[in-house]
Structure formats: C-alpha cells, structure tokens
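One structure is given here, and the rest of the page talks about it.
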Amino acid sequence: MHQAHNIPWHILSTHLKAAFDDNRVTPTRSHITPKNAQDPALQPALVHFIRKFTAAIRAFSETERLKYPATFDAPTSGPLFSDTLKARYPDYLNSRNQDIALWIAQGPHYHTSHGDFADVIKVLIHEREMETLLMLANHPLIRIRDLHMLSWGHHFGWSRTKEEALSAYLFFNTAEALGILEDQSYTNLNIYGGLLNTLASRMDFPAQQVTHREFFQDIGLLESIEKMPWDYEYRIYKSKSLPVHKDYTRFQGYIKKLFEVLYMYDVVARECGLEDGPGGPLNWEVDIAKTVPFLGIVKVEDEYLEDENSWIHYLKPKST
C-alpha cells in the first residue's frame, strides 16, 4: 500500500472485508463492509485512520510549500502557461485562458461562466506547475478561490481534482489492504464500474480527469472504460472485470500520482485562503470520511464539540 509508513492501511484490513454476492442486502451486492459492525473498536479505529491519513497529506503539503518563495510578483499581462503545455492539453488550455490580462479583465470574482478557468487550475495541479499556482493564489486581481466550487446541476470547480483523486486513492489502496487487488476480485465490487466511469467519462469541464484518463490510456483500457454498459436493474456500470493493476509498475506510478495531486491541491487551497476545519471547504477529515460511504463501508454523521479545537468525527455503520 502507498505511504504505508504514514497511513495505517492495516486498520482497514483488520476491521473491513470484501463481501461478494452479499444476500443480507436487497438487491444482493458485492461491497466492502465491516467485519463486525458492532465491534466497539471499529469506529475509533476508522477515526484514527482518517486522522493519520489527514496528517500525511498535511505533512507533504507543508514540505512542498517550503520549496517556493513566500511572495510572488503579480503580472498583469503575458501568458499564464507555456505554448508547449497548451499544445499538450488542447481540450482544456487555449489562447483565451492562457492570457493573464483576460483573467484580470473578467475578475477578480468568477462564477459558472468561468469553468474553463477552473480547468486551467486542474491541469496546473496535475502538471505540478506550483509557482504559477501560487502566483495565482496570491494575485490581488485574480481570485481563484471563487473557482473552487462551481455548479449548475453538477459541480465542476477545481475541488473536483481532490474528489476524484481521493476516491481512486482510497479505493485501490483499500483493495490492496484487503487482499483483493492481486486476484483482481476488486473488479467484481458493484461500485468499481461506477468509479471507473466517474474517473473517465466526459462531462462539462472535466480536466480533473486528466490524471486518470492518461493512466487508463497508458494501460490500454480507456476506450473499454468509456464503453462500459449501464445495468438499469441494479443501477450500476458493469466493469466487465477491467483490472487496472496488471502492469504493477505503472499502477504504482498512478497511485503515487494520486497522492501527489492530493497534497498539491492542499497547498493551493491553503494558499488562496480556503477555510480549514469544521464547516470549512478544506476539511480533510470530513472529505476522507465522506469518501468512505462511496466504498460502501460506513455512513457518516458529523458532530462538533463546543471546543472548536476539539473535533471528533463519528462514524456509524451502514445498516444491512
């Protein structure tokens, strides 16, 4: 498992299991579930896992930020990114959103008509263009925090960069922790097809998918993933047992890249002033916990204590 020395994946293997064709639920499904939902150690263990995971992301984020200057110039003209980068990502980068003057002319506040600007942020995170991102985060005439959450039925701000990477990173590391990666039985989980579809399907302003689509293309599965059929009876995408881990070296590179995206996102989010902690948009404990139901593990309930510095996340087993 990736970052096993910092993230206690063993907690998941201790308390969780893969249940295939589980007839305790209707309709029968294959999912990840607690070994014993009544075990009093389950919830404290998962809370500990979430907090250690959060600490790992934060540690890498802080280390990354130290590599760059504390202050940045605020250019009012010129290209935001290189022509080489523009040519590499023609679906997302163009002469329009390359022009810093346009960002300033349409700023400092942005809204749903600026989805292409949000896509620029997503690509720059993927490409580790940190100096450019930090410049934007500090620019007095450009407010990229407005691009973090954009929505018109579905959301397409650069928060999606974190969401997709977190879902994939948690799923595949959990599969390995539970021993269902090597025998590729993870492909039989009901949620797997939906995960692949989310990571690869086309939608409005989908630059958050660059990291995933490049990997799927690299291993020759992108076209097959795009053509996965929808099962109307069970309301799931059928993955046709498409395993993505067979080239393990490339797979490990992908997992490493997912973690990189997470802490790079954290650097940018903090730099542009997104609020941290309970109730704020930059709350890793909540984000990680809310990704867990996506894996079919637990239901989330948030409770906040009177002391704002003492926050506990309660996790409640999903009823079966």
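In this chain, numbering begins with 1 at the start of the sequence shown.
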* **All side-chain contact (heavy atoms from CB on, under 4.5 Å) counterparts of His10, not counting sequence neighbours** =>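 side-chain contact (heavy atoms from CB on, under 4.5 Å) list for His10, sorted by chain: Pro8, Ser13.
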
Between [Y] and [X], do the side chains contain a donor N or O and an acceptor N or O under 3.5 Å apart?
X	Y	value
Glu164	His212	no
Glu176	Asn173	no
His148	Ser159	no
Trp103	Asn97	no
Lys240	Ser224	no
Thr33	His31	no
His126	Glu214	yes

* To do: With sequence neighbours excluded, tell me which residues meet ring-ring contact (aromatic ring centres under 6.0 Å, His included) with His245.
  =>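 His245: ring-ring contact (aromatic ring centres under 6.0 Å, His included) contacts with Tyr186.
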
Report the relative orientation of the aromatic rings in [X] and [Y]; use parallel for angles under 30°, tilted for 30 to 60°, perpendicular for over 60°.
X	Y	value
Tyr92	Tyr89	tilted
Phe251	Tyr254	tilted
Phe156	Trp152	tilted

* **Salt bridge Lys35-Asp39, side-chain N to carboxylate O under 4.0 Å** =>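 No salt bridge links Lys35 with Asp39.
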
* With respect to Phe117, which candidate in Ile144, Leu102, Leu80 satisfies the side-chain contact (heavy atoms from CB on, under 4.5 Å) definition? ->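 Only one of Ile144, Leu102, Leu80 forms a side-chain contact (heavy atoms from CB on, under 4.5 Å) with Phe117, namely Leu102.
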
* Asked: For the residue pair Val120 and Phe81, what are the closest heavy atoms and their distance?
  ->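 Closest heavy-atom pair between Val120 and Phe81: CG1-CE2, 4.0 Å.
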
